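Every value quoted in this text rests on a predicted model; they were computed, and no experiment measured them. Note: hydrogens, waters and symmetry copies are ignored here, and every other heavy atom, side chains too, is used. Counting begins at 1 with the first residue of the sequence. Read the numbers this way: they start at 1 and go in the same order the structure lists the ligands and their atoms.
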Amino acid sequence: MKYNYVNNFSDEILSNESVFSSSQSVQVFFEMLFIRRFEEYCVNFYTQGKIRGFCHLCIGQEALPVALKYTRDAGDSVITAYRCHGHILACGADPSEVMLELLGMEGGISKGKGGSMHLFSPQHGFYGGHGIVGASSALGAGLAFAHKYRSDKGICIACLGDGATNQGQFFESMNMAALWGLPVLYIIENNYYSMGTSVERGCANAESLWSRGQAFGIPGYVCHGDDFFEVLDCLKRCIEEVRQKKSPVLLEMRAHRFKGHSMSDPGNYRSKESLKQVKQSQDPIKNLKNVLQEKYGVSVDEIRAEEVKVEHILQNILRVTQEAHLVPINCLDDHVYREI
Ligand SMILES: Cc1ncc(C[n+]2csc(CCOP(=O)(O)OP(=O)(O)O)c2C)c(N)n1
Ligand SMILES: [Mg+2]
């Protein structure tokens, strides 16, 4: 995969030129760093055997969920696959409840019985957290149908991975969304891998996943996913287009995941050297930190203060989890459908 591509919007993208004030940009830094450090705590919990089952991290891909926070309306719905910690946090869910969920504890956001892949918070417009690859495209069309049916002016933002774009349900969903004029923004989070399979090995015409809706007349765009301000600008444009035209748009956003597919993946299919390179040059948090220091004149001490704030909140979350209890065994089949 060539990394030197340009976005394909018709006019200039506001890359690194902030539409945000200095203090708003520092807030964005705090929010991206919070997601990263939250997931680093997850790594510790997983290693200690406290988080069990699947656990997929979005480290390296934090710019999108945070930019979504600043571009979607409160009434819009968001749905994604299992790499969902960043999305639900940026949608405004209580991070303690999310951590309790990951630990299978009482007070978890899905009652402690969904775990990492099944985070859910409709009151924050977040509709999962889904383990089935491609499911978010079909369910996303359903959410968009509901917005249209209820005339509530909302749109659905449905995220899926590069691997998921090979799923039949993605094409069926795009066909229905275009045919019925459903207000849905499909975002392909292209992190260059589908488990251990590189995008070139798994996807035909891998350079142009953004064009996969063309057969249905769906406009497609591509942009860099490691530059917060570029992501913000592209999202704004795409969301506006969906709202105005009341029909689907497809946005491909490219950003590397820095960890394995899930916590159990040692990632042997990537060389240490290539990973080191992308971490150095395509880290959205590092990139934003550079912008803050070089363009906004934010001092090292101010950045340090944000880092301390993040740690402080996470320490409080840690305390909450230490006082919480695992979901009792006799509650395991509550809320589970079964024939009587
Ligand atoms: C229908 C279905 N097929 C296969 C799997 C197994 N599986 C889990 S994740 C994954 C890779 C998906 O990659 P991608 O869509 O690029 O998302 P990423 O993990 O990179 O975020 C596969 C094949 C699944 N969960 N669901
Ligand atoms: Mg992928």
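Distances from the Mg ion (ligand 2) show that Tyr193 has an N/O/S atom below 2.8 Å. For the Mg ion (ligand 2), the N/O/S atoms of Glu189 include none lying under 2.8 Å.
When rounded to 10 degrees, the angle formed at the Mg ion (ligand 2) by OD1 (Asp162) and OD1 (Asn191) equals 90°.
Ring centroids of His85 and Tyr41 are separated by 6.0 Å or more, keeping the two rings apart.
Side-chain contact check for Arg270 and His256: no donor-acceptor pair (N or O, by modelled atom type) lies under 3.5 Å.
For the pair Leu235 and Leu68, the minimum side-chain heavy-atom distance is below 4.5 Å. Residues Gln293 and Leu288 are not in side-chain contact: their nearest non-hydrogen atoms beyond the backbone lie 4.5 Å or more apart. Looking only at side-chain heavy atoms (C-beta outward), Val184 and Val242 stay at 4.5 Å or farther from each other.
A cation-pi contact, defined as under 6.0 Å to the ring centre and within 45° of the axis, is absent between Lys289 and Phe29.
Using modelled atom types, no side-chain atom of Glu31 and backbone atom of Ala90 make a donor-acceptor pair closer than 3.5 Å.
Every protein residue with a heavy atom nearer than 4.0 Å to ligand 1 is included here: Tyr82, Arg83, Gly131, Ile132, Val133, Gly161, Asp162, Gly163, Ala164, Gln167, Asn191, Tyr193, Ser194, Met195, His261.
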